[in-house]
Number of protein chains: 2
Amino acid sequence: MEIYRTEKRQRYLEEYSIGNLFSFPIEEFLEVHEYKRDEWIIQEGMRPDFLFYVIEGKAKIYVTHQNGKVSLINFIKEEDFFGEMELLNPIYYTKGIQASTTMICFAIPFHRCRAKMLEDAAFLRELAKFLSVKSTQMAAKYTQSLSFPLENRLADFILQTADAEIYKEKHVTVCDFLGVSYRHLLYVLAQFCEKGYLKKEGRHYRIQQLNELEGLARVLLNE
Amino acid sequence: MEIYRTEKRQRYLEEYSIGNLFSFPIEEFLEVHEYKRDEWIIQEGMRPDFLFYVIEGKAKIYVTHQNGKVSLINFIKEEDFFGEMELLNPIYYTKGIQASTTMICFAIPFHRCRAKMLEDAAFLRELAKFLSVKSTQMAAKYTQSLSFPLENRLADFILQTADAEIYKEKHVTVCDFLGVSYRHLLYVLAQFCEKGYLKKEGRHYRIQQLNELEGLARVLLNE
DNA sequence: TCCAAAATATGAGATATCTCATATTATTGT
DNA sequence: ACAATAATATGAGATATCTCATATTTTGGA
């Protein structure tokens, strides 16, 4: 982890202003943190000292269950907050946050800003909006996972993450995210290839029949 | 649906004050609504005109999927808000809300109060807290549903809903809530009886081995 | 009071998904 | 450059869960 100082910090403050999210001057309190790929930004079970706002990069939210299974709850991306649970709730079991690319965040120290933030309607409105979307998404994911087999959820995931017809997510990550075993994921990917929806090219997959995948993903839609 | 007027309204305003959730005088705007058991308070896909706050009773949040499957997303109980998604988000697919007991709510009309509420730090702080808990709970339910078989989640549900050692939820409701088929729910209940955890008494079940059920439920714990 | 609808119950067979074992192939740190 | 670790791959057998069919019982409303 690296904390940007002086000019470098200043550059980020100017380029990615979040002043509009607050009705008090926030800049002076902002730290700019950089995390490397795979670095743990927040350890599971530990309380962070900052509210974070993502400027660049992606991260993953993990939780470990008693039986040792790990769930990838969600991805965090540009313009998301994290650490907001700990800002609002004195008691909270903190999830682990791991950078999946190099990540640059604004870090707002609780000890200097908690009171101000909790009094600021502009900020709280943004935060409530963010939380309402988050909660809606989780509810959607929850009901989808109960109502549809992997086939549908995987099709959706492939479409969301594919880049120019190439799908190349790590199987291990996808298993944690979609909550299925490695074995089963490979079965369903193999089915997609058999049916001609995908074509395996080395360690990647090329989308061959977009329509079919869209059809499978579409039934999830609604909310 | 019945709207309480004059004295009856006044009685509820006095007995269940929510003035402390706002920093502006809210009382004058509050309507007091009563809904009968099984009545739909909000129709799926329709936008409500009020933010609701539950005084008495319980309700269920439903969503219908394209394949016709219905999911019971969650229960709403005393002191919960609903309609807050529509307050915050101009675009939102509204879930259906159905009273499961007689329900009495404060209804805060959007057209008179939206602006005030969205400027009120005290209210927004409460709302953000409420949403953060909701989102955390959904995340927990999501990962649990992916990581544990029905056995564990049902044990937890039985313990949470049993009243004086008697479990008597409707199977149909439980299926929608836990996202399993009717058939499978009955299988697992039958197993619990075979193992002696439960004893069937007419249409109810009596808890016989609390410890065993707690053991099954405990592995969900964490967050 | 009676009928239709809802809820409960159970069997049989299918399938979605898991666990475990075992190889092979990348990737990473020293 | 090499060894250790992580990721990919595949088979075989188990189990969690679903679908469909069918019967009985309970319940709400005309």
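Here is how names work: the chains are called A, B, and so on, in the same order as the sequence lines, proteins then strands, and each is numbered from 1.
- Rounded to 10 degrees, the angle separating the terminal axes of the helix from dT1(C)-dA30(D) to dT30(C)-dA1(D) is 60°, with each axis obtained from five end pairs.
- Comparing Val188(A) and Lys200(B) along DNA chain C, the residue whose closest nucleotide (by nearest heavy atom) sits nearer the 5' end is Lys200(B).
- Proximity of the aromatic rings of Phe157(B) and Phe177(B) is defined here by a centroid distance below 6.0 angstrom, and this criterion is met.
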Could you give the side-chain donor-acceptor pairs of residues 97-107 of chain A under 3.5 Å, partners two or more places apart or in another chain?
unit_1: Gln98(A); atom_1: NE2; unit_2: Asp38(A); atom_2: O; d: 3.0
unit_1: Ser100(A); atom_1: OG; unit_2: Lys58(A); atom_2: O; d: 3.2
unit_1: Thr101(A); atom_1: OG1; unit_2: Lys58(A); atom_2: N; d: 3.0

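- In this structure, Arg112(B) is not positioned above the aromatic face of Phe110(B) in the sense of NZ or CZ being under 6.0 Å from the six-membered ring centre and within 45° of the axis.
- The footprint of chain B on DNA chain D, defined by a heavy-atom cutoff below 4.0 Å, extends from dA16(D) to dT26(D).
- Using a 4.5 Å cut-off on side-chain heavy atoms (C-beta onward), Glu44(B) and Val63(B) make contact.
- Residues Tyr4(A) and His33(A) keep their aromatic ring centres 6.0 Å or farther apart.
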Quick tally for nucleotides 25-30 of chain C: nucleotides whose base has a protein heavy atom under 4.0 Å get B, sugar-phosphate-only ones S, the rest -, giving ------
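- Nearer to the 5' terminus of DNA chain C, by closest-nucleotide assignment, is the contact made by Glu169(B) (compared with the other of Arg183(B) and Glu169(B)).
- Near DNA chain D, meaning a heavy atom under 4.0 Å away, the residues from residues 171-182 of chain B are Gly179(B), Val180(B), Ser181(B).
- Residues Glu151(A) and Lys195(A) are paired through a salt bridge, judged by an N-O separation under 4.0 Å between the basic side chain and the carboxylate.
- Residues passing the ring pair (Phe, Tyr, Trp, His ring centres under 6.0 Å) test with Tyr142(A): none are found, sequence neighbours excluded.
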Starting from the C-alpha separation in whole Å, work towards a yes-or-no answer on side-chain hydrogen bond (donor to acceptor under 3.5 Å, both in side chains) for Ser132(B) and Asn89(A). CA-CA 8 Å; Ser132(B) 76; Asn89(A) 302 108; 2.8 Å; yes
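- Taking the side chain as every heavy atom from C-beta outward, Asp156(A) and Arg218(A) never approach each other to under 4.5 Å.
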